[in-house]
Amino acid sequence: MLAALACWVLLARVVDVGLRPHPFALQAPPPPADVDERDAEIVVAVTGADDAAVRGAEARVYWERDERFYLAGTGRSGDDGRIEISGLPRGAVWVVVEAAHHARASTRLVLEGGERYAALKLERAAALRVTVSDEEGAPLPRATVLVNSGDPLPFGALTSNVGVASFTSLPRSPWTVKASAPGYESVTQSGVTADVTLALRRLASLDVHVKNADGSAASGAQVAITGSTLWPARRAETNANGTASIAGLVAGHFDLRATKGDQVSETMFGFEVQRGAHETLTLKLGPGRTVVASVTAAAPEALAPKAESELLIA
């Protein structure tokens, strides 16, 4: 009786757990319902490095419209390495194939009505571990890491809490690795053949306070900034407090000027920003000057006006 009671208590605590959906299904929704023409079909032949058919390879077809991607179909290869996916919409698609112990492969196709054939050869998978840190060696979590190889699509991942991104289905090296994170300068390293560590430099930022002639905050003013490490010029608009925030700056010297209607500030030349620093400065608006130029042609008979001429003032 005690054994039966124990079993009953155990079963009473058992709850049903739903299966997790495939992660790619979360990232890419199915094509919109208004896509009517779905008469395309793809036949993918998957082979390994030894030209033998790869069994159990999974293919996913991503359909593109208006620069968005939708998961249009999936399939899995049998003993012959063939994958047949039908009911696909017409248009540009990416076909991505993965298999255990093999490198991911992809190809881009344009589908019309009817059948389209594609052949993909999967290499033996290679692994890579990328560590991303700041200049002082502290790990950067959730940094974006992209690995480019012979495959048309880059491999992407986010770093963990300890600043590490791991890749297990890469083609053979060499690779080109790029790491980026908000507030840091991106770093790209080519010719990578083994685990690598990338250190990102913190970017600088500026808060520019713009004031009217009477000292009040100038909201809606335009701040232009250019410099030795920034070209062409960037522009930012001040908020209700008269402040424009400019981030993502590499260390250097900058020239800044503010304008609002016919009001203009004196240009601040050579403002120095150190690496990773956050600086503040103030620009004051005043009456702008107007220059009227008359452009004429130096003809012998008369100085004829020249319309639509370009004039540069510096």
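- Judged as a side-chain contact (heavy atoms from CB on, under 4.5 Å), and not counting sequence neighbours, the contacts of Arg124 are His101.
- Among residues two or more places apart in sequence or in another chain, the side chain to side chain donor-acceptor pair (under 3.5 Å) test is passed with Arg201 by Glu185.
- When each of Arg257, Glu237, Arg235 is paired with Gln222, the side-chain hydrogen bond (donor to acceptor under 3.5 Å, both in side chains) condition holds for Glu237 and for no other.
- Note that the OH atom of Tyr184 and the CG atom of Leu198 stand 14.5 Å from one another [nearest 0.5 Å].
- For Trp175, there are no ring pair (Phe, Tyr, Trp, His ring centres under 6.0 Å) partners, not counting sequence neighbours.
- In this structure, Leu206 CG and Leu281 CG are separated by 5.5 Å, a value rounded to the nearest 0.5 Å.
- Legend: residues meeting side-chain contact (heavy atoms from CB on, under 4.5 Å) with Ser309, ordered by chain and number and at least two apart, are Val295, Lys306.
- Hydrophobic clustering of Ile, Leu, Val, Met, Phe, Trp and Tyr side chains at less than 4.5 Å, counting indirect connections, keeps Val264 apart from Leu283.
- In terms of modelled atom types and a separation under 3.5 Å, the side chain of Thr226 and the main chain of Leu230 share a donor-acceptor contact.
- The closest donor-acceptor contact from the side chain of Thr159 to the backbone of Ala143 lies under 3.5 Å.
- Hydrophobic clustering (ILVMFWY, side-chain heavy atoms < 4.5 Å, transitive): Ile246 and Leu203 are in distinct clusters.
- Hydrophobic clustering (side-chain heavy atoms under 4.5 Å, transitive across Ile, Leu, Val, Met, Phe, Trp, Tyr) keeps Leu146 apart from Leu158.
- Thr243 meets the side chain to side chain donor-acceptor pair (under 3.5 Å) test with His209; sequence neighbours excluded.
- Applying the salt bridge (Lys or Arg N to Asp or Glu O under 4.0 Å) rule to pairs touching residues 262-280 yields Glu135-Arg275, sequence neighbours excluded.
- With Thr238 contributing its side chain and Gly220 its backbone, the two residues share a donor-acceptor pair below 3.5 Å.
- For Arg90, the salt bridge (Lys or Arg N to Asp or Glu O under 4.0 Å) test picks out Glu37, Asp39, with sequence neighbours left out.
- The pair Glu84-Arg82 counts as a salt bridge, with a side-chain nitrogen and a carboxylate oxygen less than 4.0 angstrom apart.
- Around CZ of Arg234, the count of heavy atoms belonging to other residues, nucleotides or ligands within 6.0 Å exceeds 12.
- Salt-bridge formation is not detected for the pair Glu41/Arg116: no Lys NZ or Arg NE/NH1/NH2 atom is positioned less than 4.0 Å from an Asp or Glu carboxylate oxygen.
- Within 6.0 Å of CG on Asp66 lie no more than 12 heavy atoms contributed by other residues, nucleotides or ligands.
- Within the structure, the salt bridge (Lys or Arg N to Asp or Glu O under 4.0 Å) test picks out no pair touching residues 153-170 (sequence neighbours left out).
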- Check the pair Ser228, Phe254 against side-chain contact (heavy atoms from CB on, under 4.5 Å), reporting the backbone distance first and the verdict last. CA-CA 7 Å; Ser228 58; Phe254 299 91; over 6 Å; no
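- At a threshold of 4.0 Å, the pair Asp51-Lys121 counts as salt-bridged, since one of the basic side-chain nitrogens sits closer than that to a carboxylate oxygen.
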- Intermediate values then yes/no, salt bridge (charged side-chain N to carboxylate O under 4.0 Å, His left out), Asp151 and Arg104: CA-CA 8 Å; Asp151 192 81; Arg104 190 204 72 191; 2.9 Å; yes
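- Listed by chain and number, the residues in a side chain to side chain donor-acceptor pair (under 3.5 Å) with Arg142 amount to none (sequence neighbours excluded).
- In the hydrophobic cluster analysis, where Ile, Leu, Val, Met, Phe, Trp and Tyr join through side-chain heavy atoms closer than 4.5 angstrom, Val187 is grouped together with Phe167.
- Without hydrogens or angle criteria, Asp134 side chain to Gly137 main chain gives a donor-acceptor distance under 3.5 Å.
- Within the 3.5 Å criterion, the main-chain N or O of Gln189 finds no donor-acceptor partner in the side chain of Lys178.
- More than 12 non-hydrogen atoms from other residues, nucleotides or ligands lie less than 6.0 angstrom from CG of Asp50.
- Side chain of Arg76 to backbone of Gly56: a donor-acceptor contact under 3.5 angstrom is found.
- Checking side-chain atoms of Thr47 against main-chain N and O of Ala53 turns up no donor-acceptor pair under 3.5 Å.
- Shown here are the side chain to side chain donor-acceptor pair (under 3.5 Å) partners of Ser205, two or more places apart in sequence or in another chain: His278.
- At distances below 3.5 Å, at least one donor-acceptor pair connects side-chain atoms of Asn239 with backbone N or O atoms of Asn241.
- The other residues sharing a hydrophobic cluster with Leu120 are Val35, Ile42, Val44, Val46, Val54, Val61, Trp63, Tyr70, Ile83, Ile85, Leu88, Val93, Val95, Val97, Leu109, Leu111, Leu122, where clustering joins ILVMFWY side chains under 4.5 Å apart.
- The pair Glu64-Arg108 counts as a salt bridge, with a side-chain nitrogen and a carboxylate oxygen less than 4.0 angstrom apart.
- Residues satisfying the salt bridge (Lys or Arg N to Asp or Glu O under 4.0 Å) test with Arg129, not counting sequence neighbours, are none.
- Residue Leu128 is grouped with residue Val132 when hydrophobic side chains (ILVMFWY) are merged at heavy-atom distances under 4.5 angstrom, including chains of intermediate members.
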